[in-house]
Amino acid sequence: MPELPEVETTRRGLAPLLCGARIAALIVRDPRLRWPIAPALKRLLPGQTITKIERRGKYLLLDLGAGSLIIHLGMSGSLRVIAAENPPGAWDPFDIAFTDGQCLRMRDPRRFGALLYSEDPHHHPLIKNLGPEPLETGFSGPYLYDRARYRKVAIRDFLLNGHIVAGIGNIYANEALFEAGIHPSRAAGRISLVRYESLATAIVDVLNRAIAAGGTTLKDFAGSDGRPGYFKQQLRVYGREGEPCFRCHGTIARLTMGARSGYYCPECQH
DNA sequence: CTCCGATCCTGATGGC
DNA sequence: TGCCATCAGGATCGGA
């Protein structure tokens with residue numbers, strides 16, 4: 001899915017198109033997302049106006065003044081603003097139609113995404129326990145080091161835990177660990193403060209570069225303009241098993257860690 | 001509390 | 001060509 005850079009790319013694309021847009025209707029073609037779309041939204045939304053779009057981790061928050069829509073893209077979701085008369089595809093679970101004839105249409109083949117509403121989104125159960133934003137204050141090497149004390153979980157999985165730091169998924173966890181020279185299966189509690197400083201710097205660097213490239217498109221992801229993200233061309237380890245390391249000319253290896261692969265250079269990462 | 005595996009769902013891909 | 005197993009960018013839940 002869309003990780004932080006893909007969600008931020010989506011947010012930046014949508015904000016100028018949707019801020020000030022007045023909702024005419026919510027059209028639900030398939031409510032069976034990660035959490036079912038609440039039927040009450042169909043009568044709650046019409047007449048409301050989007051005032052701004054925020055991002056928290058991988059969640060988009062569409063501010064309606066009295067509350068917010070919370071959208072998650074799951075593994076395969078994307079959002080576009082198009083003319084409402086455009087015929088929907090088979091995997092487009094909902095449209096938010098606006099009074100100007102445009103609509104915000106979600107596409108999500110795997111249906112792991114979500115459309116929720118909260119009067120107080122930052123205290124919503126899915127959001128209130130998220131860790132700090134990696135691109136804002138509150139995130140740092142010492143923060144990661146403190147949270148990691150005595151923990152045996154692999155550092156790759158530690159970074160995937162949104163309650164530790166928000167928005168990092170498997171691609172950027174692997175890329176940041178390469179940049180910091182840390183082996184993905186090393187126990188989080190057995191990494192020095194100095195190395196956590198490098199890791200925090202690497203995370204910020206990788207995320208910023210990915211946002212600048214419009215995110216990473218492996219298969220499904222498209223920005224709100226329908227274009228893919230180009231960070232795939234800058235990936236140094238993710239998806240590169242058997243290919244040469246750019247730093248040492250060793251060979252990138254793949255490690256099965258639970259259900260998701262860890263990619264790393266055995267020469268550069270310890 | 002922490003950790004790990006199962007789970008939701010569909011589609012692409014590769015082996016036989 | 002067809003069939004089957006495996007693997008995917010997430011995140012919650014339950015059991016050990």
Side-chain angles (χ1 to χ4, degrees), chain A residues 1-10 29-37 55-60 70-79 89-94 106-116 124-131 134 146-177 184-190 203 206-207 210-211 213-223 228-235 237-242 254-263:
Chain A
M1 136 159 186
E3 304 181 31
L4 186 155
E6 291 75 40
V7 179
E8 179 62 18
T9 296
T10 300
R29 296 184 200 87
D30 190 346
R32 300 172 301 165
L33 299 183
R34 176 71 170 80
W35 291 276
I37 298 174
R55 179 189 55 73
R56 182 73 176 94
K58 298 168 189 166
Y59 295 90
L60 283 172
I70 302 171
I71 297 178
H72 196 288
L73 299 178
M75 292 278 264
S76 59
S78 59
L79 294 167
W91 311 122
D92 297 347
F94 69 82
M106 185 174 194
R107 175 181 157 83
D108 186 11
R110 289 177 72 182
R111 288 197 273 118
F112 283 179
L115 174 67
L116 304 164
H124 188 278
L126 291 171
I127 291 178
K128 68 179 179 190
N129 293 322
L130 288 175
D146 285 346
R147 293 297 302 266
R149 286 314 80 205
Y150 309 115
R151 296 190 63 163
K152 294 177 178 169
V153 67
I155 182 63
R156 198 285 310 259
D157 292 328
F158 185 70
L159 294 179
L160 289 186
N161 183 349
H163 296 115
I164 301 297
V165 54
I168 299 176
N170 201 29
I171 294 177
Y172 302 110
N174 279 283
E175 292 298 309
L177 287 168
S185 57
R186 171 169 287 274
R190 301 204 53 191
I203 287 168
V206 166
L207 294 178
I211 290 169
T216 301
T217 295
L218 295 179
K219 188 160 66 80
D220 290 310
F221 177 73
Y230 297 104
F231 194 69
K232 186 177 181 182
Q233 296 161 20
Q234 295 184 53
L235 296 178
V237 288
Y238 187 87
R240 296 192 65 245
E241 181 185 14
R254 183 170 75 95
L255 200 56
T256 298
M257 304 176 70
R260 335 185 43 186
S261 297
Y263 295 92

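Naming convention: chains lettered A, B, ... in sequence-line order (proteins, then strands); numbering from 1 in each chain.
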**Q** List the atom of A:Gly229, the atom of A:Thr217, and the distance in Å for their closest heavy-atom pair.
**A**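 Taking A:Gly229 first and A:Thr217 second, the nearest heavy atoms are N-OG1, 2.6 Å.
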**Q** With sequence neighbours excluded, tell me which residues meet side-chain contact (heavy atoms from CB on, under 4.5 Å) with A:Arg107.
**A**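 Expected list: A:Ser78, A:Trp91, A:Asp92, A:Pro109.
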**Q** Over how many whole Å does the gap from A:His163 atom NE2 to B:dT2 atom P extend?
**A**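 In whole Å, B:dT2 P and A:His163 NE2 are 12 Å from each other.
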**Q** Check for a donor-acceptor pair, side chain of A:Glu6 on one end and backbone N or O of A:Glu3 on the other, with a separation under 3.5 Å.
**A**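 Checking the backbone N and O of A:Glu3 against the side chain of A:Glu6, a donor-acceptor pair under 3.5 Å is found.
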**Q** Of the non-hydrogen atoms in A:Leu73 and A:Pro2, which two are nearest, and what is the gap between them?
**A**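 Closest approach of A:Leu73 to A:Pro2, heavy atoms only: CB-CG, 3.5 Å.
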**Q** For A:Asp108 and C:dA11, give me the distance from atom CG to atom P, rounded to whole Å.
**A**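 Checked: the CG to P distance equals 13 Å.
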**Q** By the 4.0 Å heavy-atom rule, please label A:Thr216 as base, sugar-phosphate, or nothing.
**A**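 Since a base atom lies under 4.0 Å of A:Thr216, the category is base.
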**Q** How would you summarise protein contacts on nucleotides 3-13 of chain B per nucleotide, using B for base, S for sugar-phosphate only and - for none, with heavy-atom distances below 4.0 Å?
**A** SS---BBBSS-
**Q** Let me know the distance between CD of A:Glu241 and C1' of B:dG14, rounded to the nearest Å.
**A**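 Rounding to the nearest Å, CD of A:Glu241 and C1' of B:dG14 are 14 Å apart.
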**Q** Please report, rounded to the nearest Å, how far the P atom of C:dC13 is from the CH2 atom of A:Trp35.
**A**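 To the nearest whole Å, that distance equals 7 Å.
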**Q** When all nucleic acid strands are considered with a 4.0 Å heavy-atom cut-off, which category describes A:Leu126: base, sugar-phosphate, or nothing?
**A**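 Result for A:Leu126 = sugar-phosphate.
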**Q** B:dC9 and C:dC3: how far apart are their P atoms, nearest whole angstrom?
**A**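 Pairwise P distance, B:dC9 against C:dC3, rounds to 24 Å.
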**Q** Would you write out the dot-bracket form of DNA chain C, 5' to 3', with Watson-Crick and G-U pairs under 3.5 Å, [ ] for crossing pairs, | for pairs to other strands and . for unpaired bases?
**A** .|||||||.|||||||
**Q** Do A:Tyr238 and A:Asn170 have side chains that approach each other closer than 4.5 Å (heavy atoms only, starting at C-beta)?
**A**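 Of all side-chain heavy-atom pairs linking A:Asn170 with A:Tyr238, at least one is under 4.5 Å.
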**Q** Please state how far atom CZ in A:Phe158 lies from atom C1' in B:dT2, giving the value in whole angstrom units.
**A**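 Rounded to the whole Å, the gap is 12 Å.
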**Q** Tell me: OH of A:Tyr59 to C1' of C:dT12, nearest whole Å?
**A**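 The answer, rounded to whole Å, is 9 Å.
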**Q** Please report the closest heavy-atom contact between A:Leu130 and A:Ala166, naming both atoms and the distance.
**A**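 Residues A:Leu130 and A:Ala166, closest heavy atoms: CB-CB, 4.4 Å.
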**Q** For A:Leu130 and C:dA11, what is the distance between atoms CG and C1' respectively, to the nearest whole Å?
**A**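 The answer, rounded to whole Å, is 11 Å.
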**Q** Classify the ring geometry between A:His72 and A:Tyr59 as parallel (under 30°), tilted (30 to 60°) or perpendicular (over 60°).
**A**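 If you compare the ring of A:His72 with that of A:Tyr59, the planes turn out perpendicular.
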**Q** Mind listing the closest non-hydrogen atom pair of A:Leu4 and A:Lys58 along with its distance?
**A**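 Closest approach of A:Leu4 to A:Lys58: N-CG, 4.2 Å.
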**Q** Please round to the nearest 0.5 Å and tell me the distance separating atom OH of A:Tyr172 and atom CG of A:Leu177.
**A**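 The CG atom of A:Leu177 is 14.5 Å from OH of A:Tyr172, to the nearest 0.5 Å.
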**Q** Whole angstroms only, please: what is the CD1-P distance between A:Ile164 and C:dA11?
**A**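 Distance, rounded to whole Å: 14 Å.
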